Amino acid sequence: MAAPAVIAVDLGGTSLRAALAGPDGQLGPIRRTRTDARGGPESVVAQIAALVAEVCAAGNDPEVLGVGLASPGPLDPFTGTVFTLPTFQGWHNVPLRDLVARATGLPVTLENDAASAAMGEWRFGAGRGVDSLVYVTVSTGIGGGVILDGRLLHGRMGMAGHVGHMILEPDGPRCGCGNRGCWEALASGTALGRIVREQLAAGAPSSMQAIAGRPVTAEDVVTAARAGDPLGVALLAAEARYLGIGIVSLLHLFSPERVILGGGVSTALDLMAPGIAAEIAERAMAPFRSVPVVAAALGGNVGLAGAAAMAFQSARVPVS
Ligand SMILES: [Zn+2]
């Protein structure tokens with residue numbers, strides 16, 4: 001029999017992925033399918049069970065300790081209940097953990113995707129070796145997870161770490177949560193895309209005016225900024241400012257040893273680092289200013305790595 005392993009499952013709005021994982025964080029071949037987001041919970045549970053069976057069958061007779069499942073939220077990791085999945089149809093208070101456990105015959109650990117990613121970076125990525133960190137993912141939205149004094153912060157219903165909904169501007173733009181001026185509404189990739197389209201529509205001179213046939217996105221802003229386009233450079237500077245301001249609050253709240261930035265927008269961290277550092281230097285209390293802000297290390301596999309870390313923790317098997 002091979003070494004103990006877990007099966008990591010990453011449930012996303014468009015793709016569902018699974019892989020065998022060892023205590024060193026190494027993933028086996030990744031199996032994937034298109035998420036049946038319109039088919040309701042039963043269909044998605046059947047998809048998960050089928051992928052888990054495939055992964056087991058392809059492994060070298062692994063001793064599977066359990067399944068780690070990273071899912072969008074909001075969800076309660078203690079009861080294993082997904083409250084709702086905004087981009088899925090028919091999901092309302094679904095006992096996802098127990099449904100998957102029944103369908104696979106394996107113990108299941110359910111965690112929200114951002115918290116799971118924080119676990120992944122902590123155990124296997126850019127957060128190795130520290131006891132306290134804040135992980136922030138900046139992509140469609142802004143999500144996060146907080147590791148403090150050697151454990152993932154959960155709070156009531158396991159909902160701690162929704163960093164994207166810190167309100168930075170009380171009268172700012174509307175957020176998906178219904179509020180105004182959340183960090184997510186100001187600095188997510190979606191927000192950056194909205195802002196650049198507004199600026200272009202108002203006639204701002206930019207190489208991005210030549211983009212036709214599709215909406216201009218945050219990714220275009222990064223590409224333009226790298227090429228020295230003045231609008232791209234200015235918008236990334238504004239993005240860095242808002243990221244820096246949000247990070248200052250996280251430093252003051254949690255006193256992490258490290259802040260880890262992941263998600264699509266963080267691929268431009270090299271361009272934004274001076275702007276983020278300037279906000280921290282100006283706004284953070286002196287003892288907090290030396291905390292490094294670093295790029296996430298695990299890229300697109302962070303969900304699977306985090307799910308694996310959760311499953312090993314539940315099985316009380318140490319990872320390295
Ligand atoms: Zn919000």
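FYI, the numbering just counts along the sequence from 1. Since we're looking at a predicted model, the values are computed, not measured. Both counts, for ligands and for their atoms, begin at 1 and track the order of listing.
Comment: D220 engages R214 in a salt bridge, judged by a side-chain N to carboxylate O separation of less than 4.0 angstrom.
For R289, the CZ atom is densely surrounded, since the number of other residues' heavy atoms within 6.0 Å is greater than 12.
Placement of L85 and L51 within a single hydrophobic cluster is found when ILVMFWY residues are connected by side-chain heavy-atom separations under 4.5 Å, directly or transitively.
Taking the ring-ring contact (aromatic ring centres under 6.0 Å, His included) definition, one finds that F288 meets it with H252, sequence neighbours left out. Shown here are the salt bridge (Lys or Arg N to Asp or Glu O under 4.0 Å) partners of E219, two or more places apart in sequence or in another chain: there are none. Take R194 and apply the salt bridge (Lys or Arg N to Asp or Glu O under 4.0 Å) test, not counting sequence neighbours, and it matches E198.
Protein contacts to the Zn ion (ligand 1) involving N, O or S atoms at a distance below 2.8 Å are H165 ND1, C175 SG, C177 SG, C182 SG.
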